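Here the structure is laid out as structure tokens; the discussion comes afterwards.
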Amino acid sequence: MITKTIRFVEAAVRSLGLAAMYLLLVVLAVLMFPVFARGGDVSTIWALETAQFAVGAYYILGAGYSLQQGAHVRMDFLYANWKPRTKAIVDAVTSFFVLFYLVVMLLGGWDSCAYAVVSKQINHTVWAPYMAPIKIAMEIGIFFMFLQMCVDFVKALLVACRKPFDLPDAEAEEEKLYAGRATRPQYWKTFGCCAAAGALGALLLVVGVPRVTPEGGWGLLATLVGGLLAVGAPICTIPAMVRRFHDLDMSGWWAAGFGFFALIPGFGVLAMLGALVLLGQDGAPGTTGFGPDPKGRDLIKVFDPRIPKKPAPIPDVPVPAEPDVERPYWTPYFVFLGVGAACAAAGYGLAAACSNPTWFMLGFTVLLLSLLFLIRGVVCLKR
């Protein structure tokens, strides 16, 4: 029972940490916008504070995962020479003090979140953003760090008491997220569960936010849980989508491509419908470069209507083969790059006309995606 609980908590902390890594892309895009918008009549006053909030959320949401991986800085000039049981005893003692500190942070963050939601607290700057989202993210990150520290405390006690226990390799568990293939029932089951969790999170936010009291109450608890579900549920579908593309014998980067196009207003609905139709197709039979067929099919036993039942007759006079025509290999890549540049230029124009940086961010995202496909073409050509 203890081992299963430890595995469950570490899997949850690891999932949150891997999802928080995507915030680096947000930070990069936000910091690049003022560079390209320089000289134009576009407001960039929001960029610095947005980047600061994104970095803060990235730091605090990934704190538990960093603790799990042992990535925090510490001095090991004495610790490294001790026996495993001595290390476990010291870890148990130090973990107790860290847990006390995290409890104080959780209580302080609870009151701070309640105040930010009830009073609609804003940052006293020119842009004046609301502080509730970043404070809710920090409270969630501290809570998951508290869970991971509790797991480390229990593990240290077990080692100190000479109680053996087996845990899976964290790196192997992380590789399983995106490795292998997933059948259609497996994907739709995951998609349905995540959609239900996201809908429940949105409902909790709608119900909880108006009912937050200065003391927090159940309204703040519903807001915290709803925010975690509403944001985390769509991210949890990414590994399943990657494995589903693998089952179609396609690269998992197609998931990123459809995700980028889904951000474009209007076109995003078509991109999502196209992704659903594509993911609804049957997987490639037999073993591919992404692993064995999850249905256990063999290519030799699979009926292919394109293969004739009888061999074609051999002509008496051999017909000379037509000369091979050179395929315009680079034409699709350059066309896609041109579309990306046009989207970036159109987004900049709309951003300047409407004083809304969202258009530029969407156009620049399409340009980055086209550059990624061009780089992929170069790499494939060199192979």
Side-chain angles (χ1 to χ4, degrees), residues 2-31 50-74 91 94-95 98-99 101-103 105-106 109-110 113 133-156 165 167-180 182 190 193-194 197-198 201 223-243 252-253 255-256 259:
I2 296 179
T3 303
K4 292 182 179 180
T5 304
I6 291 175
R7 292 182 62 178
F8 175 77
V9 173
E10 288 194 339
V13 173
R14 182 167 56 251
S15 301
L16 180 63
L18 293 175
M21 290 193 298
Y22 293 103
L23 289 173
L24 285 178
L25 300 177
V26 177
V27 175
L28 179 62
V30 170
L31 292 179
T50 303
Q52 290 175 348
F53 289 159
V55 170
Y58 164 77
Y59 174 80
I60 198 67
L61 292 176
Y65 183 62
S66 299
L67 183 64
Q68 182 183 119
Q69 298 295 318
H72 290 290
V73 178
R74 63 183 183 184
D91 288 339
T94 55
S95 298
V98 176
L99 286 173
Y101 173 72
L102 290 176
V103 169
M105 291 186 65
L106 280 174
W110 180 270
C113 287
I134 184 61
K135 289 190 174 183
I136 291 175
M138 293 178 66
E139 185 72 2
I140 293 174
I142 295 171
F143 175 72
F144 274 83
M145 189 177 181
F146 172 79
L147 291 180
Q148 181 60 42
M149 183 55 66
C150 289
V151 167
D152 290 347
F153 178 69
V154 173
K155 289 164 62 176
F165 64 97
L167 290 176
D169 188 6
E171 295 183 359
E173 291 292 323
E174 181 178 333
E175 291 179 357
K176 290 181 181 178
L177 289 174
Y178 299 98
T190 303
C193 294
C194 292
T223 302
L224 293 174
V225 176
L228 179 63
L229 292 177
V231 177
I235 297 176
C236 291
T237 61
I238 296 177
M241 185 180 296
V242 170
R243 294 196 302 270
W253 287 104

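Values reported hereafter were calculated over all heavy atoms of this structure, with side chains retained and with hydrogens, waters and symmetry mates removed. As the structure is a prediction and not an experimental result, all values here were calculated from the model.
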Side-chain donor-acceptor pairs of residues 134-148 under 3.5 Å, sequence neighbours excluded:
from: K135; atom 1: NZ; to: S112; atom 2: OG; distance (Å): 2.9
from: K135; atom 1: NZ; to: Q121; atom 2: OE1; distance (Å): 2.8
from: Q148; atom 1: OE1; to: Q68; atom 2: NE2; distance (Å): 3.1
from: Q148; atom 1: NE2; to: D152; atom 2: OD1; distance (Å): 3.1

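Summarising the geometry, atom CD1 belonging to I235 is positioned 10.5 Å from atom CG belonging to L18; distances are rounded to the nearest 0.5 Å. The structure places CG of L61 at 11.0 Å from OG of S66, a figure rounded to the nearest 0.5 Å. Taken to the nearest 0.5 Å, the SG atom of C150 stands 8.5 Å off from the CG atom of L102.
Residues L224 and W110 form a side-chain contact, since some pair of their non-hydrogen atoms from C-beta on lies under 4.5 Å apart.
Remark: A51 pairs with V30, L31 by the side-chain contact (heavy atoms from CB on, under 4.5 Å) rule, at least two apart or across chains. For A182, the side-chain contact (heavy atoms from CB on, under 4.5 Å) partners at least two apart in sequence or on another chain are Q186, R243. Taking the side-chain contact (heavy atoms from CB on, under 4.5 Å) definition, one finds that V55 meets it with V27, sequence neighbours left out.
Here the closest non-hydrogen pair linking L229 and A197 is CB-O, 3.6 Å. Heavy atoms only, all atoms of each residue included: C194 and C236 are closest at SG-CB, 3.8 Å. A pairwise comparison of heavy atoms in A156 and D91 identifies CB-CB, 4.0 Å as the closest pair. Scanning all heavy atoms of the two residues, the minimum distance from G64 to V13 falls at C-CG1, 3.4 Å.
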